[in-house]
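Every chain is numbered from 1, with letters handed out A, B, ... down the list of sequences.
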2 protein chains.
Amino acid sequence: MLVVDDEPALARALAINLRAHGWEVVTAADGRGALDAAATTHPDVVLLDLGLPDLDGTEVISGLRGWTTVPIVVLSARQHGEDKVEALDLGADDYVTKPFAMNELMARLRAAVRRAQEAAPTAALVQVGDLAIDLARKRVAKAGVDVRLTPTEWAFLELLARNLGRLVPREQVLREVWGPAYLHETHYLRVYAAQLRRKLEDDPSAPRHLLTSSGLGYTLEP
Amino acid sequence: MLVVDDEPALARALAINLRAHGWEVVTAADGRGALDAAATTHPDVVLLDLGLPDLDGTEVISGLRGWTTVPIVVLSARQHGEDKVEALDLGADDYVTKPFAMNELMARLRAAVRRAQEAAPTAALVQVGDLAIDLARKRVAKAGVDVRLTPTEWAFLELLARNLGRLVPREQVLREVWGPAYLHETHYLRVYAAQLRRKLEDDPSAPRHLLTSSGLGYTLEP
DNA sequence: CCAGAGCGTCAAGGAACCGTCAGGACCGTC
DNA sequence: GACGGTCCTGACGGTTCCTTGACGCTCTGG
């Protein structure tokens, strides 16, 4: 959760309340900082106060929408403005006018996150042999029983599952799982491919689903 | 990653930052150099500053779009211009105005690469006799059974398949498969053509699909 | 017929890559 | 401060792949 507000008092009050409700909160005081923070922390929802010192709030919205579909809830004092229409047109997901009830705000945030998850265009469940990979719940089961994966293992498997049957190049795996700075750490691939096989394959030394193409990359084979 | 910018200072700063984030960076200072570099290095994303000395940035975009779908992120100082609309209409994938936050730029580049990858599930399938060449999955099957190819063999075959029925000059094969430094290693061509024939032709000594034009190049014949 | 150029074929050596295991660093929890 | 989980790292053996050289073939022009 990213909270963007230029009034320190309100920002602190919001952060305290949100943390009390279990959110992990990052704050920004202006538009540029907001875009920055969103890019680095990948929040699951943005709470955005219009009327910032540097950028117009609408610019922040379109700046975010350029590269992410994170839900945006706009907070504004202007009760009757056309801002509301404009903000929603630009891609905001909801709109709350000050003064607001904290309960209502919480409900709207929860709703925004829930809608975003439901709207995820991913075919939520991928079946591969006796494996059931649930992309929405981030779970995988082998022959009906859940298998525990570490976050990195899951990121690897998810990437392969989203490209089922397609060869995923080594560089893409490294970039999307570890980040662009790890493009040459091919060793990671071998370690984690081995771990996934140990957990998911019947015979880890003769894999039937997680296949390697030497020098190219990996494929999850249906 | 190809960075196109005519201001040496900015280009260097960008390159340093991008390399720090793990990108492999090639730079070009003008439009012609950009088109050149894109053709030889096949970058996975292009970061293009408008306002180049020789060509208009829009010409670079359409020049690239003539033969590649590589994602293009445009960088521009003109904040309110119609340039943005024009650039996006010509096929640019995203647009960032100066001044920009480096984090945001990084996020947009990552997003551009990811989108390009996800938009690629086009069933690019080339049928040649009893061969089925799946360009997306990087696979080839003969009479229904998969054939294992090495990375170099695949690069060779893919190039021919993308130019199905057309003669591909020897120099182009060497440049695109092995790189510009191998333009005279014509021996490689014979070795790998032979390997491909052994794996893909019914009678490798009397090829029907992978044909040689002596002194000129190779053709994949439907 | 001969010489030379270009091509196809085969095999060997070394480089690059892969799978595997295990130890140590790091982090948050209890 | 101990503990469990996770991630990174190094070492080793085995495999695959690339490169290179040698040799024979065909075709062409002299």
In 5'-to-3' order, the base (B), backbone-only (S) or no-contact (-) status of each nucleotide in nucleotides 17-30 of chain D, using a 4.0 angstrom heavy-atom cut-off, is SBBBBB--------
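- Taking atom CD of A/E201 as the reference point, atom P of C/dG19 lies 11 Å away to the nearest angstrom.
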Just distance, no hydrogens or angles: give the donor-acceptor pairs under 3.5 Å from side chains in residues 178-195 of chain B, sequence neighbours left out.
none

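- In terms of modelled atom types and a separation under 3.5 Å, the side chain of A/R139 and the main chain of A/D146 share no donor-acceptor contact.
- When the side-chain nitrogen and oxygen atoms of A/R170 are compared with OP1 and OP2 of C/dC18, one or more of them lie within a distance under 4.0 Å.
- Counting any heavy atom pair closer than 4.0 Å across all strands shown, A/S205 reaches sugar-phosphate atoms only and no base atom.
- Between A/F156 atom CZ and D/dC8 atom P the separation is 13 Å, expressed in whole Å.
- Atom CG of B/L211 and atom C1' of C/dG8 are 14 Å apart (whole Å).
- Atoms CZ (A/R190) and C1' (D/dT16) sit 13 Å apart, rounded to a whole Å.
- Dashed line: the shortest gap from a side-chain N or O of B/Y218 to OP1 or OP2 of C/dG6 is not under 4.0 Å.
- Residue pairs that meet the ring pair (Phe, Tyr, Trp, His ring centres under 6.0 Å) test with at least one member in residues 1-34 of chain A, sequence neighbours left out, do not exist here.
- Atom CG in A/L189 sits roughly 14 Å away from atom P in D/dC7 (whole-Å rounding).
- Put simply, CG on A/L174 is 14 Å from C1' on C/dC18, counting in whole angstrom units.
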